Amino acid sequence: MAFSADPATALDNPILCPLDELDIDPSAPPLEQALTVLKGVYGYDSFRGRQAEAITALLEGKNALAVMPTGMGKSVCFQIPAMIFGGLTLVVSPLVALMEDQVMALKLAGIAADSINSSRSREENVATWRKVASGELTLLYIAPERLMTERMLAALAKLPVKLIAIDEAHCISRWGPSFRPDYEGLTRLSDFFPNAPIAALTATADEATREDIADKLFACNDKGESQGEVIVSGFDRPNIRLGVAQRKDWKKQLLDFTEARRDQSGIVYCLSRRKTEEVTEFLKDNGIRAFAYHAGLDKTVRAAAQARFMREAGVVMVATIAFGMGIDKPDVRYVFHTNLPANMEAYAQEIGRAGRDGAPSEAMMLYGLDDIRMRRSFIDNEGGDLDHQAREHKRLDALLAYCEAPQCRRQALLSYFGEEINACKNCDICLDPPRLTDGTVQAHKLIEVIKATGQSFGAVQMIDILRGLSHEKIKRFGHEKLDCHGSGKATSKEDWRAIIRQMVATGFFKLDIQNHGALKLTEKAAELTTGALRFAYRPDVMGPAELSRPRKAKSNLPELDAGDQDLFEALRQCRTELAREHKVPAYVIFSDKTLHDMALQKPTTRPDFLLIHGVGSSKQRKFADAFIDVIEGWLG
Ligand code: ADP
Ligand code: ZN
């Protein structure tokens, strides 16, 4: 395969082919070859999550749908097969910013990649096409509407297209909220390129959406079943420390938090444009480098803020949730919500913008009663049918359950997405458990009434039965005749609500959102009934107001001693300079983790430098000398 120089970019002078040096044995098992590329080009030692499975499927010529949380490393799943296959890989991506980011990172790693898109001039696009046509490019990034023109397809049909990757593949499904009409045309791809496997990638896809994506993108066998492997990776992001606190004096809470993390990049989410500007001013007045970012700002102002955020450490973006869609910065160290987000899905997505590089990061959310009232009225006023509104209210309940979780917050978050984990030791509750009150007796009463009513009613009806009310809905279903009717008068309505939410959060009940939020018993509830488990709850429903101290973040990296920490800072400085020189964000040069490893290992020769985590052969060639200079200077 041919790699070429691209003198037009500031990124690189000669791009050499890293694969030529890697000495890949074509007779070795596919995954072994893939590992050689992972190590040689990216400088990583092992695959993460289920990357290996996705890569294997593609290398075997099968289609694959990879559903992986943001930051898990979806790109590697198609980039490595692209390099091993040779020929041309097409990458369809909806956002120019995402494309440009990946192309930049690939070029720096020595891979011949480029993109044809609307932000480039006609001449640039023509030049890129020439490279495609002459076989010089390995990966071509292109927007769906450009790809699916008859002319483009006819031209590509003459080229050795070996693989097609569809990024943000959920955009093809009408089930999801992000449907894009220009993605629909992609259903025809498998007819045009019957011999190229398709890699579909997404971070957000429930089961219905997954099936829809596979149906639309993958060719069918003679039984009409779509052909391809669906690989779903865990949604846990263990490196993000989770925290939630009641909003007391939010300005102080926010300032304490950001001041303790001055040299870190962060995102602060606010609900309104006006609020983002207010918060930005407030942070700036207090010496924090903050920028407001929302859709109402002038495009150039926004672009400037974004550029600062991408390139410098210690910049805080104060944004409405519209921010972050096209932002692919792996070293965001924290996401701070000044208000309750819309629901669990939104929350998971928003905090997922922290720590994409896998290094320790934090998510802190403030919430208060006025948030809850406001969210409820949003739902009531947004229109839509009553069923829809009821579902949204239940979704909000699930989020409140998360905020009030009496036990491990991560367990509460993941159980909402159908995953079970042990207590995480990296959330505010695990690290600083709240005082709990035994609620086993109340829990038994709830289980009894849920069973007695066939697991088909919501929390309100359960509470009204336990408290002995006799309104119309109680009588209509004969619920006043149940043994448990009136058995819970001693507990207040508010306490019952809190107990139910906390039992949802701890996985004893499931809220059946499709079914008007009916409470369903889980297997864990059965263990309560047998007495194998007890249930304890937080009586202080709204949680302790104290924000957790900025303890040293839990890290799987060994700690640096003071001297090494100095070296680390010097290496960061070197990275900043290189980033400026190459006009790329710092993390594209090396991640913090790579610098950390460097500070520990202190390589002083090029071969040793290659052993550092995250150093591939191309980056070794480009950057080894600069960093070795720093290390030698430090060693004296
Ligand atoms: P996603 O598209 O899933 O959000 P990316 O493909 O942008 O994630 O990858 C996120 C980060 O993780 C990138 O910096 C990437 O280089 C890094 N990464 C990918 N795979 C690995 C791996 N196996 N080991 C370590 N880091 C990895
Ligand atoms: Zn935890």
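Please read these numbers as outputs of a predicted model, since none were measured by experiment.
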For Glu168, check side chain to side chain donor-acceptor pair (under 3.5 Å) against everything at least two apart and list the hits. none
By side chain to side chain donor-acceptor pair (under 3.5 Å), which residues pair with Asn125, not counting sequence neighbours? none
To the nearest 0.5 Å, tell me how far Lys425 NZ sits from Cys408 SG. 9.0 Å
For the backbone of Tyr334 and the side chain of Arg261, can you confirm whether one donor and one acceptor N or O come within less than 3.5 Å of each other? no
For residues Met104 and Pro585, determine if any side-chain heavy atom of one lies less than 4.5 Å from a side-chain heavy atom of the other. yes
Heavy-atom pair with the smallest gap, counting every atom of Thr594 and Gly614: OG1-CA, 3.7 Å
Just by distance, no angles: are the side chains of Arg333 and Ser361 close enough, under 3.5 Å, to form a donor-acceptor pair? yes
Report yes if the side chains of Val41 and Ser617 come closer than 4.5 Å at any heavy-atom pair, otherwise no. no
Under 4.0 Å between a side-chain nitrogen and a carboxylate oxygen: does that hold for Arg210 and Glu229? no
Is a salt bridge present between Lys593 and Asp597, judged by a nitrogen-to-oxygen distance below 4.0 Å? no
With sequence neighbours left out, write down each residue that passes ring-ring contact (aromatic ring centres under 6.0 Å, His included) with Tyr141, or none if nothing qualifies. none
Considering all heavy atoms of both residues, which atom of Leu163 and which atom of Pro81 are nearest to each other, and what is their separation? CD2-CB, 3.9 Å
To the nearest 0.5 Å, how far apart are CD in Glu211 and CG in Leu65? 10.5 Å
Val332 side chain near Phe309 side chain, heavy-atom distance below 4.5 Å: yes
Quick one: does Leu140's side chain get under 4.5 Å of Val91's, heavy atoms only? no
For the side chain of Lys216 and the backbone of Glu184, is there at least one donor-acceptor N/O pair under 3.5 Å apart? no
Please report the C-alpha distance between Phe218 and Leu189 in whole Å, then the side-chain angles of each, then the deciding distance to 0.1 Å, and finally whether the side chain to side chain contact (heavy atoms under 4.5 Å, CB included) criterion is met. CA-CA 9 Å; Phe218 300 160; Leu189 270 180; over 6 Å; no
Nearest heavy-atom pair of Ile55 and Cys77: which atoms, and what distance? CG1-O, 3.6 Å
Tell me whether the centres of the aromatic rings in Tyr42 and His613 are closer together than 6.0 Å. no
Sub-3.5 Å donor-acceptor pair from the side chain of Lys62 to the main-chain atoms of Pro197, do we have one? no
Output the distance between atom CG (Asp114) and atom CD (Glu124), rounded to the nearest 0.5 Å. 9.0 Å
Can you list the steps and then say if Gln306 with Tyr293 is a side chain to side chain donor-acceptor pair (under 3.5 Å)? CA-CA 8 Å; Gln306 187 173 327; Tyr293 191 99; 3.0 Å; yes
By salt bridge (charged side-chain N to carboxylate O under 4.0 Å, His left out), which residues pair with Glu32, not counting sequence neighbours? none
Would you call Leu38 and Leu35 a side-chain contact if the rule is heavy atoms closer than 4.5 Å? yes
State which residues pass salt bridge (charged side-chain N to carboxylate O under 4.0 Å, His left out) with Asp331; sequence neighbours excluded, sorted by chain then number. Lys329
Side-chain donor or acceptor of Arg308 paired with backbone N/O of Ala303 under 3.5 Å: no
Which heavy atom in Arg146 sits nearest to a heavy atom in Ile116, and how many Å separate them? NH1-CG2, 3.8 Å
Restricting to side chain to side chain donor-acceptor pair (under 3.5 Å), what partner residues turn up for Glu100, sequence neighbours left out? Asn117, Arg120
Rounded distance (nearest 0.5 Å) linking atom CZ of Phe193 with atom CG of Leu88: 8.5 Å
Sole candidate of Ile142, Leu90, Ile164 that passes side chain to side chain contact (heavy atoms under 4.5 Å, CB included) when paired with Leu156: Leu90
Any donor-acceptor pair under 3.5 Å from Arg237 side chain to Gly352 backbone: yes
Evaluate the side-chain proximity of Tyr402 to Leu242: yes if any heavy-atom separation is below 4.5 Å, no if none is. yes
Under 3.5 Å donor-acceptor, Asp167 side chain and Pro94 backbone: no
Residues Val315, Ser265; criterion side chain to side chain contact (heavy atoms under 4.5 Å, CB included); working and verdict: CA-CA 5 Å; Val315 173; Ser265 304; 5.6 Å; no
Side chain to side chain contact (heavy atoms under 4.5 Å, CB included) between Phe623 and Leu108, worked out: CA-CA 11 Å; Phe623 305 129; Leu108 211 53; 4.2 Å; yes
Can you sort out the partners of Glu53 under salt bridge (charged side-chain N to carboxylate O under 4.0 Å, His left out), two or more places apart, ordered by chain and number? Arg50
Check the side chains of Gln33 and Thr36 for a donor-acceptor pair under 3.5 angstrom, ignoring hydrogens and angles. no
Nearest heavy-atom contact between Ile166 and Tyr183 is CG2-CE2, 3.6 Å
Kindly write out the residues that satisfy ring-ring contact (aromatic ring centres under 6.0 Å, His included) with Phe627, not counting sequence neighbours, or none if the list is empty. Phe590
Side chain to side chain donor-acceptor pair (under 3.5 Å) filter on Asn221, not counting sequence neighbours, yields Glu225
Stepwise, does the side chain to side chain contact (heavy atoms under 4.5 Å, CB included) test hold for Lys622 with Ile589? CA-CA 10 Å; Lys622 294 194 183 84; Ile589 306 284; over 6 Å; no
Would the distance check show the side chain of Ser134 and the main-chain N or O of Arg130 forming a donor-acceptor pair, the cut-off being under 3.5 Å? yes
Rounding to 0.5 Å, atoms CE (Met83) and CG (Leu139) come to a distance of 6.5 Å
Should the heavy atoms of other residues, nucleotides or ligands under 6.0 Å from CZ of Arg580 be counted, would the total exceed 12? no
Applying salt bridge (charged side-chain N to carboxylate O under 4.0 Å, His left out), name anything that partners Arg180, two or more places apart in sequence or on another chain. Asp182
May I ask you to say whether Arg241 pairs ionically with Glu362, meaning some side-chain N is under 4.0 Å from a carboxylate O? no
With a 4.5 Å heavy-atom cut-off, do Leu578 and Arg575 have their side chains touching? no
Does the side chain of Arg353 come under 3.5 Å of the side chain of Tyr269 through a donor N or O and an acceptor N or O? yes
Pro341: which residues meet the side-chain contact (heavy atoms from CB on, under 4.5 Å) condition with it, sequence neighbours left out? His337, Tyr347, Glu350, Met365, Leu399
With sequence neighbours excluded, tell me which residues meet ring-ring contact (aromatic ring centres under 6.0 Å, His included) with Phe78. none
Of all heavy-atom pairs linking Leu153 and Leu147, the shortest is CG-O, 3.5 Å
Just verifying a value: how many Å separate Lys107 NZ and Gln102 CD, rounded to the nearest 0.5 Å? 13.5 Å
